[in-house]
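Along the sequence shown, residues are numbered consecutively beginning with 1.
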Amino acid sequence: MGDIDGLALTETALDELGIDVTHLRCGYFFTNLLFDLESILAGTLTTAMDVDRPLPWVAPEDIAAVATARSLSSDWYGRHVQAVHGPEDLSFREVAAVLGEALDRSVAVRQVSDDDVRAELRAAGPTPQQVASIVDMTAGIRDGFVPENPRDYTTTTPTPLAGWARTRLKAACDA
């Protein structure tokens with residue numbers, strides 16, 4: 001699963017050190033939207049994901065808060081896995097609607113193929129291995145991935161996409 005396989009290797013390497021460790025397994029970062037900002041401003045959110053499948057979406061600052069709280073706590077030891085899923089699962093179609101409302105413009109979602117993503121990434125300049133890793137990660141999540149850690153109160157964080165979009169995304173638009 002591309003980049004996610006790399007994270008699994010990192011988890012394994014840390015586990016082998018025999019230290020106290022918490023692995024954070026996070027949802028789809030709100031900040032990924034910044035990579036598509038120009039297209040969003042033009043009215044289109046593009047993805048190779050299933051546009052109607054809900055996924056956990058999370059604000060990076062919420063991930064930082066979870067990591068900080070865990071790091072400062074003395075109530076744990078050993079190996080732990082903590083999922084960080086954000087406030088709710090959203091489909092790309094729902095994300096486009098939230099963005100449209102937050103940015104006061106129409107935003108439609110457009111699904112593209114893995115080949116389209118490969119071509120766009122190649123044009124941006126990453127290595128072939130980086131392109132394959134990103135495309136494989138998307139395909140792996142899209143094609144039947146089930147998170148090991150289901151959503152519950154411990155995985156849910158407070159920042160809604162709408163609030164983040166009105167502040168962070170809108171600020172990026174004005175920059």
Side-chain angles (χ1 to χ4, degrees), residues 1-11 23-63 66 81-103 105-152 155-157 159-166 168-170 172-173:
M1 284 192 39
D3 284 344
I4 294 174
D5 290 339
L7 294 173
L9 291 172
T10 300
E11 282 188 17
H23 302 290
L24 299 183
R25 295 185 181 162
C26 304
Y28 201 86
F29 292 14
F30 292 173
T31 48
N32 287 339
L33 296 166
L34 295 171
F35 294 117
D36 201 25
L37 186 58
E38 189 175 310
S39 179
I40 292 167
L41 290 175
T44 304
L45 173 61
T46 304
T47 184
M49 297 290 220
D50 174 345
V51 299
D52 292 311
R53 179 179 179 206
L55 299 169
W57 284 74
V58 64
E61 52 263 38
D62 287 353
I63 299 166
V66 169
V81 173
Q82 171 67 52
V84 186
H85 290 148
E88 63 183 328
D89 292 357
L90 298 167
S91 70
F92 273 82
R93 193 175 309 280
E94 291 168 323
V95 169
V98 168
L99 297 180
E101 186 175 313
L103 299 173
R105 66 182 70 226
S106 177
V107 178
V109 66
R110 179 174 70 101
Q111 187 175 20
V112 296
S113 71
D114 291 344
D115 288 339
D116 294 332
V117 174
R118 273 187 204 91
E120 187 172 326
L121 287 171
R122 283 185 194 124
T127 67
Q129 294 85 0
Q130 290 169 320
V131 170
S133 186
I134 292 168
V135 172
D136 290 349
M137 178 179 59
T138 301
I141 293 169
R142 179 192 62 226
D143 298 340
F145 174 75
V146 177
E148 180 180 337
N149 309 99
R151 176 182 290 283
D152 66 20
T155 71
T156 301
T157 56
T159 305
L161 177 60
W164 181 88
R166 281 192 296 275
R168 296 306 213 43
L169 192 62
K170 203 162 189 163
C173 293

- prompt: ring pair (Phe, Tyr, Trp, His ring centres under 6.0 Å) with Phe30: which residues, sequence neighbours excluded?
  reply: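 Per chain and number, Phe30 pairs via ring pair (Phe, Tyr, Trp, His ring centres under 6.0 Å) with Trp164.
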Donor-acceptor contact below 3.5 Å, side chain [X] vs main chain [Y]:
X      : Y      : value
Gln82  : His23  : no
Glu101 : Val98  : no
Thr44  : Ile40  : no
Asp62  : Thr159 : yes

Determine whether [X] and [Y] make a side-chain contact, defined as any pair of heavy atoms from C-beta on separated by less than 4.5 Å.
X      : Y      : answer
Val95  : Val107 : no
Ser39  : Leu45  : no
Asp114 : Arg142 : yes
Leu121 : Ile134 : yes

Non-neighbouring partners of [X] that pass side chain to side chain donor-acceptor pair (under 3.5 Å), sequence neighbours left out:
X      : value
Thr47  : none
Arg25  : Glu11, Glu148
Asn149 : none

message: Per the ring pair (Phe, Tyr, Trp, His ring centres under 6.0 Å) rule, what does the pair list look like for residues 36-62, sequence neighbours excluded?
response: Tyr28-Trp57, Trp57-Phe92
Partners meeting side chain to side chain contact (heavy atoms under 4.5 Å, CB included) with Pro56 (sequence neighbours left out):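 Residues passing side chain to side chain contact (heavy atoms under 4.5 Å, CB included) with Pro56: His85, Asp89, Arg151.
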- prompt: Is the number of heavy atoms from other residues, nucleotides or ligands under 6.0 Å of Glu61 CD greater than 12?
  reply: yes
message: Check this for me: Arg118, atom CZ, are more than 12 non-hydrogen atoms of other residues, nucleotides or ligands nearer than 6.0 Å?
response: yes
task: Determine whether the side chains of Ser113 and Asp116 contain a donor N or O and an acceptor N or O closer than 3.5 Å.
output: yes
task: Taking all heavy atoms of Thr46 and all of Asp36, pick out the closest pair and write down the distance.
output: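 Where Thr46 meets Asp36 most closely, the heavy atoms are N-OD2, 3.1 Å.
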